[in-house]
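Read through the structure below, which is laid out as structure tokens, and then see the notes.
One-based numbering along the sequence shown. Every value quoted in this text rests on a predicted model; they were computed, and no experiment measured them.
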Amino acid sequence: MGQSASKQFAKEVLKSHNEYRKQHQVPPLKLSNKLSKEAKRYADSLASTRVLKHSPESSRGSCGENLAWASYDQPGKEVADRWYSEIKNYNYNCPGFSSGTGHFTAMVWKSSRELGVGKATATDGSTFVVARYSPAGNIVNQGQFEENVLPPRK
């Protein structure tokens, strides 16, 4: 994927994130070149192995991470929409982390400020997307979900 296509994809993912974040009354994310380079490097690594797994925390520092895979070239909005669709499984009356809502909560985490996005295509044409969030969300300390995952405005 060329440099300009990569930048365009990242902007699309960012725009979708910020539209969703606005519904939850949290500040918009800014695109980080540093995080995007790291996300792209990891997306390349995933594409080379064709195995979707989170990077070791030691390699991503204090960043959160969302991953996506598809057998085709996925548009940025579609990736973000798929992650956000987990909102249907989130229970605001019993806030906290669950594997079925972690992509959604990372996207709308109030205290996250920066986003990095990388996408890579495997030899079979499938695509791997990595999003990195700084500071990381999904912190399971007491009160963190109540403070950072706000219900959408009706």
Steps toward side chain to side chain contact (heavy atoms under 4.5 Å, CB included) verdict (Asp73, Lys119) = CA-CA 9 Å; Asp73 186 16; Lys119 179 164 102 169; 2.5 Å; yes

Is there a path from [X] to [Y] through hydrophobic residues (I, L, V, M, F, W, Y) whose side chains come within less than 4.5 Å of each other?
| X | Y | result |
| --- | --- | --- |
| Ile139 | Leu150 | no |
| Val79 | Trp69 | no |
| Val140 | Met107 | yes |

Over 60° means perpendicular and under 30° means parallel, so classify the ring planes of His17 and Trp83, tilted if in between.
-> perpendicular

Answer yes if the side chains of [X] and [Y] hold a donor-acceptor pair under 3.5 Å, and no otherwise.
| X | Y | answer |
| --- | --- | --- |
| Glu78 | Tyr72 | yes |
| Asn138 | Tyr133 | no |
| Arg132 | Ser32 | no |

Least distance between heavy atoms, [X] atom then [Y] atom:
| X | Y | value |
| --- | --- | --- |
| Gly118 | Ala39 | N-CB, 3.5 Å |
| Ser112 | Gly137 | OG-N, 4.0 Å |
| Pro152 | Gln25 | C-NE2, 4.2 Å |

Show your reasoning for whether side chain to side chain contact (heavy atoms under 4.5 Å, CB included) applies to Leu35 and Leu115.
-> CA-CA 7 Å; Leu35 290 178; Leu115 174 70; 5.9 Å; no

Check the pair Phe104, Trp109 against ring pair (Phe, Tyr, Trp, His ring centres under 6.0 Å), reporting the backbone distance first and the verdict last.
-> CA-CA 9 Å; Phe104 155 70; Trp109 196 264; over 10 Å; no

Should the heavy atoms of other residues, nucleotides or ligands under 6.0 Å from NZ of Lys88 be counted, would the total exceed 12?
-> yes

